[in-house]
*Asks:* 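Structure incoming, see below.
Count residues from 1 along the sequence.
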Amino acid sequence: MLGKKRSASIFAPAAESETPMVQAVEERRPSAQPPVMETVPESKPKVLPEYDDDPRRTLASESGASARTHNLFFTPEVGGRDFASVLRDVQEYISSEYSGLIIEGGDEARDQLKRYIAKFVQDKRIAVAGMDTDELIAALYSEMAEYGFLTKYIYGEGIEEININSWRDVEVQYSDGRSEKLSEHFDSPEHAINVIRRMLHASGMVLDNASPTVTGHLTRNTRIAAVKTPVVDADVGVAASIRIVNRQTLTREDFTEGGTATPEMLDFLAACLRYGISICVAGATSSGKTTVAGWLLTTIPDNKRIFTIENGSRELQLVREKDGKVVNSVVHTLTRDSENERQRVDQIALVDICLRFNPDILVVGEMRGAEANAAQEAARIGFAVLTTIHSNSCEATYRRMVSLCKRAVDMSDETLMSYVTEAYPLVVFCKQLENKQRRMMEIAECEILPDGARRYNTLFRYRITDNRLEDGKFIIDGHHEKVCEPSKSLQKRLIENGMPTTQLEALLQPKETEVSA
């Protein structure tokens, strides 16, 4: 009974199968008589290998005696069955006999699960039209231990997002901006819900009628947002967005050669963060905010202590090793959601505790709510804070911060505006253009004048010179340009924070405009 209850949240059958469930297979004895073999002349008797139904030795993919045993004793059903009914039978068998393998996870458990699936298929002589035995076993394993046809896209190269609009409408967005509708889809609304449930199981989240809207994660850098009926129509089943954060660490050259930013812009931002200037990276979804923030953190020297706070899933991987030893100082933390308030760990709590770790740089993965107030307070007491936020311009970023801070404190907009502009002298605005190219559109400084007034200075910007449509494709021409120098007050802070005078002079030295298409 325990196995069945555990497996219910993973397989979650929508309804009782019409196909009678097969009984559990008795271990160590064949479940059916071997098929009639062709007549062998007495002068040349054929010696049959001993039949051993140990699931560890019945995979058709194994070589030698195991493969020969399979050829002799496994004759598929004539005509075959449909895959969905076979999957239900195998799920019922695994759920009742070996549910612990699904719950346990790990390579060894997955290998055992595959062997038991193979044993069941071979003992019951199951066949599916259009699939050989190896293909059937692989497909059943993928559906039960992995995520069906989605698996190869989740772990594939160059894929940024998988959007499930309904059980029969799935599209993939690639890192180069392409979007492609897949010919593959789920078998039914229930099938789609079951697969998403298995994915959410990795983060302990449950998608059901009581919680029809859920956010969770699959791996450190794969986020999932899902909604099911009744939030979406019954014939849709489930809608989900699976966001896969770039697993490859981009280099400075990747940004410059791709036209995202110029070397001068990147050097300026890296130097400012290194010497204690807080930075907020703003933009819409898929604008490249996290990628830019992640690269900036790779420029931090090993002797600087970094404390990261991320919401639910980890996208940053900053620990560096050399000769098997960790050479830098990084503390990665994650929030934990829970219906029990005492067990919940939010970003505000982690910001509070991080101050006791004495970090040189505090990273708040993304400001979405009241944690914005805690982060700006940390920045105003001397910590260098790097964070990201959803916004549509540099100036709008400060107004967005104010609205988030008001969720935590009851202060006037004017007071909060003075706080956030003091906390984050620099804002970087990123954007994905209509042609799917990502650009660092602006780097702006909010200068605080002696009389307390604020002045916004654009330091760098991307100037679009032409937009046109050719053969159904958007062509956007433009270039980055330096607009003005950082303010005297920012220069003073950099010197006070230890920046060598020669490095500051190099940053201020006029350079030729660098063009990026």
*Asks:* Spell out, as yes or no, whether a donor-acceptor pair under 3.5 Å connects the side chain of E377 to the backbone of A375.
*Replies:*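 Not confirmed, E377 side chain does not pair with A375 backbone.
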
*Asks:* Starting at CD1 of I443, measure out to NE2 of H480 and round the result to the nearest 0.5 Å.
*Replies:*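 The distance works out to 8.0 Å.
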
*Asks:* Can any side-chain N or O of T387 pair as donor or acceptor with the backbone N or O of V364 at less than 3.5 Å?
*Replies:*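 At least one qualifying donor-acceptor pair exists.
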
*Asks:* Check the orientation of W167 and H185. Use parallel for under 30°, tilted for 30 to 60°, and perpendicular for over 60°.
*Replies:*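 Rings of W167 and H185: perpendicular, as their planes differ by over 60°.
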
*Asks:* Check E321 with K325, please: is the shortest side-chain N to carboxylate O separation under 4.0 Å?
*Replies:*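 Judged by the 4.0 Å cut-off on N to carboxylate O distance, K325 and E321 do not form a salt bridge.
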
*Asks:* Go through the structure and list residues passing side chain to side chain donor-acceptor pair (under 3.5 Å) with R407, not counting sequence neighbours.
*Replies:*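 R407 satisfies side chain to side chain donor-acceptor pair (under 3.5 Å) with no residue once adjacent residues are dropped.
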
*Asks:* Could you report the tightest heavy-atom contact between G365 and Q347, atom names first, then the distance?
*Replies:*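 That closest heavy-atom pairing would be N-NE2, 4.5 Å.
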
*Asks:* Side chains of L182 and V170: closer than 4.5 Å at any heavy-atom pair?
*Replies:*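 Yes, at least one pair of side-chain atoms sits under 4.5 Å.
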
*Asks:* Does R336 reach the main-chain N or O of Q343 with its side chain, forming a donor-acceptor pair under 3.5 Å?
*Replies:*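 Side chain of R336 to backbone of Q343: a pair is present.
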
*Asks:* Does some side-chain heavy atom of F307 sit less than 4.5 Å from a side-chain heavy atom of T333?
*Replies:*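 Yes; the side chains approach each other to less than 4.5 Å.
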
*Asks:* Is it true that the side chains of S418 and R454 contain a donor and an acceptor less than 3.5 Å apart?
*Replies:*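 No - no donor-acceptor pair under 3.5 Å links their side chains.
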
*Asks:* If you round to the nearest 0.5 Å, how far is CG of N358 from CG of L362?
*Replies:*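 So the CG of L362 and the CG of N358 are separated by 12.0 Å.
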
*Asks:* Under 4.5 Å between any side-chain heavy atoms of I277 and R493, yes or no?
*Replies:*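 Contact flag for I277/R493 side chains = yes.
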
*Asks:* Stepwise, does the side chain to side chain contact (heavy atoms under 4.5 Å, CB included) test hold for I242 with M199?
*Replies:* CA-CA 10 Å; I242 305 169; M199 296 177 70; 3.5 Å; yes

*Asks:* State the CG-CZ distance between D466 and R468, to the nearest 0.5 angstrom.
*Replies:*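 Spacing of CG (D466) from CZ (R468) equals 5.0 Å.
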
*Asks:* Do I196 and I164 come close enough that some side-chain heavy atom pair is under 4.5 Å?
*Replies:*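 I196 reaches I164 side chain to side chain.
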
*Asks:* If you take all heavy atoms of L404 and R368, which pair is closest and at what distance?
*Replies:*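 Looking at all heavy atoms of both residues, the closest pair is CD2-O, 3.4 Å.
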
*Asks:* Any heavy-atom pair between the side chains of E395 and V427 that's under 4.5 Å?
*Replies:*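 V427 does not reach E395 side chain to side chain.
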
*Asks:* Indicate the atoms forming the closest heavy-atom contact of A379 with S278, along with that distance.
*Replies:*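 Closest approach of A379 to S278: CB-OG, 3.7 Å.
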
*Asks:* For the atom pair SG (C354) and CD1 (I361), what is the distance rounded to the nearest 0.5 Å?
*Replies:*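 The SG atom of C354 sits 12.5 Å away from the CD1 atom of I361.
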
*Asks:* Do NZ/NE/NH1/NH2 and the carboxylate oxygens of D471 and K473 come within less than 4.0 Å?
*Replies:*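 Not counted as a salt bridge, because no side-chain N and carboxylate O are separated by less than 4.0 Å.
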
*Asks:* Before giving the answer on side chain to side chain contact (heavy atoms under 4.5 Å, CB included), spell out for L269 and M440 the whole-Å C-alpha distance, their side-chain angles and the decisive distance to 0.1 Å.
*Replies:* CA-CA 12 Å; L269 292 174; M440 198 177 288; 3.9 Å; yes

*Asks:* Establish, from distance only, whether the side-chain atoms of N165 and E171 form a donor-acceptor pair under 3.5 Å.
*Replies:*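 The answer is yes; a qualifying pair exists.
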
*Asks:* Between D451 (side chain) and A453 (backbone), is there a donor-acceptor pair under 3.5 Å?
*Replies:*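 Side chain of D451 to backbone of A453: a pair is present.
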
*Asks:* Between Q432 and S286, do the side chains contain an N or O donor and an N or O acceptor separated by less than 3.5 Å?
*Replies:*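 No donor-acceptor contact under 3.5 Å links the two side chains.
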
*Asks:* So, do I306 and S329 sit near enough that their side-chain heavy atoms are less than 4.5 Å apart?
*Replies:*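 No; the side chains remain at least 4.5 Å from each other.
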
*Asks:* Say whether, by atom type as modelled, one donor and one acceptor occur between the side chain of D254 and the main chain of T251 under 3.5 angstrom.
*Replies:*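 Indeed, once roles are kept as given, a pair shorter than 3.5 Å links the two residues.
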
*Asks:* Heavy atoms, side chains only, cut-off 4.5 Å: are M499 and C272 in contact?
*Replies:*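 They are not in contact (no side-chain heavy atoms under 4.5 Å apart), so the answer is no.
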
*Asks:* Does any pair with a residue in residues 346-357 pass salt bridge (charged side-chain N to carboxylate O under 4.0 Å, His left out), and if so which ones, sequence neighbours excluded?
*Replies:*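 Those involving residues 346-357 do not exist here.
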
*Asks:* Using 0.5 Å steps for rounding, measure from the CD atom of Q503 to the CG atom of L494.
*Replies:*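 Q503 CD to L494 CG: 9.0 Å, rounded to 0.5 Å.
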
*Asks:* Step through the shown structure and confirm whether more than 12 heavy atoms of other residues, nucleotides or ligands are within 6.0 Å of CZ on R168.
*Replies:*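 Counting neighbours around CZ of R168, 12 or fewer heavy atoms of other residues, nucleotides or ligands fall under 6.0 Å, so no.
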
*Asks:* Has the side chain of R305 got a donor or acceptor atom that lies under 3.5 Å from a matching backbone atom of F357?
*Replies:*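 Side chain of R305 to backbone of F357, a donor-acceptor pair under 3.5 Å: yes, one is there.
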
*Asks:* Less than 4.0 angstrom from a charged side-chain N to a carboxylate O is my criterion; do K152 and E184 meet it?
*Replies:*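 Salt bridge flag = yes for E184 with K152.
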
*Asks:* Do M401 and Y424 make a side-chain contact, defined as non-hydrogen atoms from C-beta onward lying under 4.5 Å apart?
*Replies:*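 Side-chain contact under 4.5 Å: yes.
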
*Asks:* Does the ring centre of F149 sit less than 6.0 Å away from the ring centre of F186?
*Replies:*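 Between F186 and F149, the centre distance is under 6.0 Å.
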
*Asks:* Do you know the tightest heavy-atom contact between I381 and L355?
*Replies:*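 Nearest heavy atoms, I381 then L355: CD1-CD1, 4.4 Å.
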
*Asks:* Return the set of residues passing ring pair (Phe, Tyr, Trp, His ring centres under 6.0 Å) with F474 (not counting sequence neighbours), or none when no residue passes.
*Replies:*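 With neighbours one apart ignored, the set is empty.
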
*Asks:* Look only at the side chain of T260 and the backbone of T256, and say whether a donor-acceptor pair between them is shorter than 3.5 Å.
*Replies:*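 Absent.
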
*Asks:* Less than 4.0 angstrom from a charged side-chain N to a carboxylate O is my criterion; do R243 and E160 meet it?
*Replies:*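 Result for this pair is yes, salt bridge flagged.
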
*Asks:* Is it true that, when you exclude I353 itself, more than 12 heavy atoms of the residues, nucleotides or ligands shown sit nearer than 6.0 Å to its CD1?
*Replies:*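 Not buried by this count: 12 neighbours or fewer within 6.0 Å.
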
*Asks:* Is a side-chain donor or acceptor of R400 paired with a backbone partner of H390 at a separation under 3.5 angstrom?
*Replies:*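 Yes.
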
*Asks:* Can a side-chain donor-acceptor contact be found between E445 and S487 if the only test is distance below 3.5 angstrom?
*Replies:*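 E445 and S487 do have a side-chain donor-acceptor pair below 3.5 Å.
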
*Asks:* Would you please say whether a donor-acceptor pair under 3.5 Å links the side chains of S241 and E161?
*Replies:*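 Their side chains do contain a donor-acceptor pair, which is all the 3.5 Å distance test asks for.
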
*Asks:* Is there a donor-acceptor contact under 3.5 Å from the side chain of Q491 to the main chain of P486?
*Replies:*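 Indeed, once roles are kept as given, a pair shorter than 3.5 Å links the two residues.
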
*Asks:* What closest approach, in Å, do E447 and N457 show between heavy atoms, and which atom pair accounts for it?
*Replies:*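 That closest heavy-atom pairing would be OE1-ND2, 3.0 Å.
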
*Asks:* If only side-chain N and O atoms count, and only distance matters, is there a donor-acceptor pair under 3.5 Å linking Y174 with E180?
*Replies:*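 Present: a donor and an acceptor within the cut-off.
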
*Asks:* Kindly check if the number of other-residue, nucleotide or ligand heavy atoms within 6.0 Å of CD (E253) is above 12?
*Replies:*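 Yes, enclosed.
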
*Asks:* What's the shortest heavy-atom distance between L318 and G294, and which atoms?
*Replies:*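 Heavy atoms of L318 and G294 come nearest at CD2-O, 4.4 Å.
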
*Asks:* Please evaluate residues R439 and C430 with respect to the criterion side chain to side chain contact (heavy atoms under 4.5 Å, CB included), reporting the C-alpha separation (whole Å), side-chain torsions for both, the decisive distance (0.1 Å), and the verdict.
*Replies:* CA-CA 6 Å; R439 293 290 182 264; C430 300; over 6 Å; no

*Asks:* Is there a donor-acceptor pair closer than 3.5 Å between any side-chain N or O of T465 and the backbone N or O of D477?
*Replies:*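 Yes, because the side chain of T465 sits within donor-acceptor range (under 3.5 Å) of the backbone of D477.
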
*Asks:* Going through the checks in order, is the salt bridge (charged side-chain N to carboxylate O under 4.0 Å, His left out) test met by K488 and E485?
*Replies:* CA-CA 9 Å; K488 296 296 183 181; E485 303 288 355; over 6 Å; no

*Asks:* Would D413 and K406 pass as an ion pair if we require N to O under 4.0 Å?
*Replies:*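 Between K406 and D413 there is a salt bridge, with a charged N closer than 4.0 Å to a carboxylate O.
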
*Asks:* Checking side chain to side chain contact (heavy atoms under 4.5 Å, CB included) for the pair I154/I159: CA distance, chi angles, key distance, verdict?
*Replies:* CA-CA 7 Å; I154 293 171; I159 294 174; over 6 Å; no

*Asks:* So, D208 and K228, do they make that salt bridge, N to O below 4.0 Å?
*Replies:*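 K228 and D208: not salt-bridged.
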
*Asks:* Taking atom CD1 of I476 and atom CG of N467, what is their separation to the nearest 0.5 Å?
*Replies:*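 Output value for this atom pair is 4.5 Å.
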
*Asks:* Ring centroid separation for Y456 and Y398, is it under 6.0 angstrom?
*Replies:*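 Ring-ring flag for Y456/Y398: true, centres closer than 6.0 Å.
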
